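Note that ligands are numbered from 1 as they come in the structure, with each ligand's atoms numbered from 1 the same way. Bear in mind the structure is a predicted one, so any value in this text is a computation, not a measurement.
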Amino acid sequence: MTAGSEVDAGRALAWLRELAELTSDEGGAQRIAWTQTWARGRAWLRSRLAEIPGVSVHVDAAGNLWATLPGESSRSIVLGGHTDSVPDGGWLDGALGTLAALECLRAHAGESRRPLTLRLVDWADEEGARFGRSLLGSSACSGRLDPDEVAKLVDQDGVPLADALAVHDVAIPRMLEAHRELRDVAAYLELHIEQGPVLERLGLPLGVVLGTFGVERHRVTVLGSHAHAGATPMDSRRDALVAAARCAVAFREDAAGGEDVRATVGEFSVSPGIATAFNGRCEFSIDQRALDRDVLAGLVRGARTESERIAAEEGCSVSWEEIQRIDPIPFDPKLIELAGRVVAEVAGASRSLPSGPLHDAAEMATQVPTVMLFVRSIGGVSHTKEEDSSLDDLALSVRALHQLSRQVVAEKATPGPLTT
Ligand SMILES: [Zn+2]
């Protein structure tokens, strides 16, 4: 190990400020994918990468930017992030992962020996802020994107996605060619802000992400019979709203009893919905999430049974219709374990937690061994300019990513239990 191999967290933080200054206004970060401001951020990233000796840069068929620091083997460890932001976004979402990866690459470039190749990827359009399709670049790379489906997308001004991409030399029918980037990838690592309150509540700066939640979303219809608010005695009502409201409370209690599960009644509508009658019909959405497929299935089953019981007690009937299903995506167990050890070493303690939001890492986890690190978010706030983490936590997170990348290189370079 040469002296040049140490990571300089302060440099990564200075870069974060530089990028924010270049691409933000008084509302916050404005690096919406496929815009001039985003491209300006990318050009800046290229010039920082050009300062690292031995690094070559190219953009793949889906618009993802790859930087490669060759090692003795072409087998690579990929460190990822995204420089695109939502409108009026924060300075850390996506940018932290990318610029921490940049600093790690710089540190690895100073190593006297590099058994594996190190790569940085800046995913294109993680946020989906303009066209409503998130994880665009990473899902093209994983091969899970349907080009015909996204070809129909237009932004609020009626600009087709194809036209916006063409400005940046990306053609939708060719996007899946980005998959070839994964040819020789041994592991994918991503550092991201938590964007939620869990680490703050635990009093921990860093955490290891277990994977991303699976989602089951249903529309539930409760049918009773509406009648006059004055004429109908209380004991002879079939009030669909009361049944539905009791369901919402029951679902919340069910989920509160489980670890790392969620249940949310979001949409809610009643009919006839007038002040002088109780309601004969109520429709609502129920969104349930869990990291484990069986736990999620059990949560849905439990809620259905509960809703049938409550509906019967209220003299109503209930029916469920599936709206959307997303499979849980667990990260690599061995990398989770290794990351836990690294985080405990760097930050004193480690805790693992699921990710509520989706991330590019979820796309990668379907293809290559993947793990993510979270850093504590102040107040759990994100996607606004108030998004922040303490400088101490950020510095720890950069050191943890570097340490993790070194250990993964060591593990993957020598045949052993981690080699896949
Ligand atoms: Zn992000």
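Under the 30°/60° scheme for interplanar angles, the aromatic rings of His108 and His402 are found to stand perpendicular.
For the Zn ion (ligand 1), the count of nearby protein N, O or S atoms, meaning those under 2.8 Å away, is 3.
When the salt bridge (Lys or Arg N to Asp or Glu O under 4.0 Å) test is applied to Glu103, the partners found at least two apart in sequence or on another chain are Arg11, Arg106. Evaluation of the salt bridge (Lys or Arg N to Asp or Glu O under 4.0 Å) rule for Arg144 yields Glu363 as partners, not counting sequence neighbours. The salt bridge (Lys or Arg N to Asp or Glu O under 4.0 Å) test applied to Glu72 returns Arg113, not counting sequence neighbours.
A donor-acceptor pair shorter than 3.5 Å cannot be found between the side chains of Asp84 and Trp123. Side chains of Ser382 and Glu387: a donor on one and an acceptor on the other come within 3.5 Å.
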